[in-house]
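Please read the structure below before turning to the comments.
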Amino acid sequence: MSVAEIIDARTVEDHVMALASHGAFGETGVWRTVYSPEWSAAQDLVASWCAELGLEVSRDAVGNIWGRLEGTEGGPSIVAGSHVDSQTPGGRYDGALGVVAAVLAVQALKERYGPPRRTMEVVSLCEEESSRFRARFWGSRAIVGGIEPHEPDALFDDSGISIAEAMRSVGLDPARIPEAARADIDSFLELHIEQGPILEDAGLPVGLVRAITGLRHTSIELVGRSDHAGARPMASRLDPMAGAAEVISGAVGDALRMGPPAVTTIGKMAVEPNLTSTVPDRVTFTIDARHPDPEPLALLYRSHQTLISSVAERRGLEANTRILLDFPPCVCDPDLVRLLEAAAGELGIPAMRMHSGAGHDSQQMAARSKVGMVFVRSIGGRSHTPAEYTTADDAAKGIQVLATTMHELAY
Ligand SMILES: [Zn+2]
């Protein structure tokens with residue numbers, strides 16, 4: 001049997017459902033936060049799959065699970081994987097499908113071709129979603145040596161448990177986090193659901209990611225003056241809400257004028273004192289702006305900033321802006337993108353190049369290795385909800401592309 005025949009929809013479905021049984025939520029959801037009992041059970045299941053395949057299984061200092069198939073020539077590894085932690089609640093596919101994909105790809109290659117020339121590894125990463133500790137890519141950051149020494153005692157979940165405490169509860173020692181760092185990964189390949197509607201709109205099962213979006217979160221505070229809503233004439237108001245409305249519609253307009261894939265979102269706002277008959281004195285809101293290419297991204301940020309300054313000045317408002325989060329775009333390795341594309345072509349699987357509008361572990365892994373990503377179609381473009389769904393058929397096609405590419409790299 002060929003690798004594509006070994007990776008069939010039925011096998012994919014069985015593995016996805018087996019993982020989904022740990023932390024199952026409602027009919028189709030999953031609630032599986034890092035270091036919870038259900039998360040540990042899911043990681044144990046991945047470890048047992050790897051062991052059954054005859055891989056050398058290990059758990060690193062932050063709890064990432066690794067399955068290693070030694071190459072006859074050794075050298076830096078070809079790694080595939082993703083994460084099994086979820087949103088609260090999330091669906092069965094975000095992250096989990098990428099871990100299943102890595103296991104099934106290595107299984108098919110081992111079965112069909114035997115030991116590889118170069119070492120192949122499966123990895124199941126932890127706390128990608130930041131749904132428990134807001135620890136942003138905890139597992140992949142540990143691998144690239146990107147966790148600061150103060151972080152384990154400075155990150156807390158909603159019930160006040162530190163990530164250091166949570167690690168100890170599953171037998172991990174936070175002091176050993178630096179030991180999770182790896183400098184011997186050649187390429188990291190991640191299969192993931194698209195989480196948006198682009199593949200569905202194009203009528204394609206598979207996407208090959210050329211870049212992961214850059215993004216910036218900015219907090220904007222506009223300060224004016226509280227006044228009586230009836231007695232104060234319009235002309236002499238210092239109204240931060242009117243200013244915020246202008247900034248918000250203008251910023252959304254900036255992204256619309258620039259066109260896809262630029263996106264700008266205002267998702268959070270606070271008004272003080274938040275009363276019906278009072279002009280507010282303070283309005284605070286956030287802007288999330290994204291683009292996968294550095295130049296238009298910088299232009300988008302600049303146009304938002306210019307807008308804020310000019311609105312504040314014209315309206316006599318004080319404007320205080322603070323950058324909360326800033327991720328540069330991550331360009332996938334062009335050779336890996338070409339290999340993935342060639343694999344899809346060879347298998348007769350229709351695919352397109354695209355960008356990722358969501359963040360992924362790959363962008364962290366890119367600090368120390370080449371990265372490539374395979375997307376598979378999300379039905380209705382839905383994700384971060386129990387309603388997210390990818391057909392087993394589409395998933396199998398994506399995994400076949402992944403396995404064919406790994407064959408090219410490792411054999
Ligand atoms: Zn994910």
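Both counts, for ligands and for their atoms, begin at 1 and track the order of listing.
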Item checked: S140 and its side chain to side chain contact (heavy atoms under 4.5 Å, CB included) partner, picked from M365, E128, R368 -> M365
Notebook entry, point to check: Which residues pass the ring pair (Phe, Tyr, Trp, His ring centres under 6.0 Å) test with H355, sequence neighbours left out?
Noted result: none
Checklist line | Worked verdict on V62 versus C126 for side-chain contact (heavy atoms from CB on, under 4.5 Å) | finding: CA-CA 8 Å; V62 284; C126 55; 4.1 Å; yes
Pairs of donor and acceptor atoms involving the side chains of residues 195-213, under 3.5 Å and at least two apart or interchain, shall be tabulated with distances.
residue	atom	partner	partner atom	Å
Q195	NE2	D94	OD2	3.2
Q195	NE2	S383	OG	2.9
E200	OE1	G380	N	3.2
E200	OE2	G380	N	2.8
R210	NH1	D293	OD1	3.1
R210	NH2	D293	OD2	3.3
T213	OG1	H291	N	3.2
T213	OG1	H291	O	3.4

Margin query: Cation-pi check for W66 against R182: NZ or CZ below 6.0 Å from the six-membered ring centre and within 45 degrees of the axis, yes or no?
Written below: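 Yes, a cation-pi geometry holds between R182 and W66.
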Notebook entry, point to check: Taking the Zn ion (ligand 1) as the centre, how many protein N/O/S atoms fall inside a distance shorter than 2.8 Å?
Noted result: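 Step by step: take the Zn ion (ligand 1), keep protein N, O, S below 2.8 Å, and you get 3.
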Next item on the list: May I have all residue pairs that pass salt bridge (charged side-chain N to carboxylate O under 4.0 Å, His left out) and include part of residues 345-363, sequence neighbours excluded?
Entry: E341-R353
